[in-house]
Amino acid sequence: MMDIEENVHKIKEEIAAAARAAGRDPAEILLVAASKMNDAGRVQRAIRAGVPVCGENRVQEMLEKQRQNAYEGAALHFIGHLQKNKVRQVVGLAALIHSADSVELLREIDRCARNRQCVQDVLLEINIGRESSKSGFLPEMLPGALEEAAKLGAVRVRGLMAIPPVSRGVDGNRPFFSEMDKLFVDNAGKKYDNIHMDFLSMGMSRDFQTAIACGANIVRIGTAIFGERIYS
Ligand SMILES: *Cc1c(COP(=O)(O)O)cnc(C)c1O
């Protein structure tokens, strides 16, 4: 049986345990519930059980659920691939866009944020597994991407995000997580006004403990909260 409330409590305990095991303060790890394909009622159950942030993947689904007040009581992040023609609908609504994956997209986010007279927080997505099926900056592209982002007054880079290859078990992606942490630390000292390396978003249901051991301070959890997604 699926019990969203019980799952939220269990996952929070597991996150805290992983943080303590890594000698870190559990309070510094932010849980984002990846709520795609779960309706407003289920999202609300997770929020009432203590989920502080929801992360959505698809703009259309997010807007529909937003209209149903699905995210009331939590912050909203956008974590999926973002097409340029949909940026306008996400900027100002999502507190953080995890998936800024090209300079062109950053420029479009900047343009829309200027129009809305806001500053949009983003993470730069890194294609850490160098998979042709995935978007994101290759690790060696990061310094150039930061330099370009620094020119955009309505974009604030808050850190990095990665979706490594599908892992076999909790430890399969450890090398990728370590490589991400190194990139995160190595680029934290760059002195641009609008670039702050605050957040490292990595780790999902299968491997969040390892991600936390490697330095993640945002984990994105779907299945372990809501159960298996049924793709039809
Ligand atoms: C769905 C999704 C997750 C959560 O994946 P689970 O394995 O179900 O925990 C995390 N990040 C992104 C970008 C996702 O799309």
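Note: hydrogens, waters and symmetry copies are ignored here, and every other heavy atom, side chains too, is used. Since the model is a prediction, treat every value here as computed from it, not as a measurement. Note that ligands are numbered from 1 as they come in the structure, with each ligand's atoms numbered from 1 the same way.
Those atoms of ligand 1 that come under 4.0 Å of a heavy atom in R220, given as number and element, are 4 (C), 9 (O), 10 (C), 11 (N), 12 (C), 13 (C). Here is the list of ligand 1 atoms found below 4.0 Å of a heavy atom in I163: 13 (C). In summary, the atoms of ligand 1 found under 4.0 Å from a heavy atom of I221, numbered by their order in the structure, are 9 (O). Atoms of ligand 1 found under 4.0 Å from any heavy atom of N57 (numbered from 1 in listed order, with element): 14 (C), 15 (O). With ligand atoms numbered from 1 in the order given, ligand 1 contributes 6 (P), 7 (O), 8 (O), 9 (O) to contacts under 4.0 Å with heavy atoms of T223.
Using a 4.0 Å cut-off between charged side-chain N and carboxylate O, K134 and E125 make no salt bridge.
Both the backbone and the side chain of S205 come within contact range of ligand 1, each with a heavy atom under 4.0 Å.
Backbone and side-chain nitrogen or oxygen atoms of G222 are examined, and one is located within less than 3.5 angstrom of a nitrogen or oxygen of ligand 1. Where the criterion is an N or O separation shorter than 3.5 Å, residue side chain and backbone included, R206 fails it with respect to ligand 1.
Of all heavy-atom pairs between Y192 and E147, the closest is OH-CG, 3.6 Å. Smallest separation of non-hydrogen atoms from F226 and R42: O-NH2, 2.8 Å.
Residue M161 forms a side-chain contact (heavy atoms from CB on, under 4.5 Å) with just one option from H77, M180, H98, and that option is H98.
Between V59 and F78 there is a side-chain heavy-atom pair separated by less than 4.5 Å. With a 4.5 Å cut-off on side-chain heavy atoms, F137 and V103 count as touching. Taking the side chain as every heavy atom from C-beta outward, L124 and L106 approach each other to under 4.5 Å.
Heavy-atom distances between K36 and ligand 1 reach below 4.0 Å in at least one pair. Using a non-hydrogen distance threshold of 4.0 Å, R229 registers as a contact of ligand 1.
Summary of contacts: the protein heavy atom closest to atom 10 (C) of ligand 1 is M204 SD, 3.1 Å.
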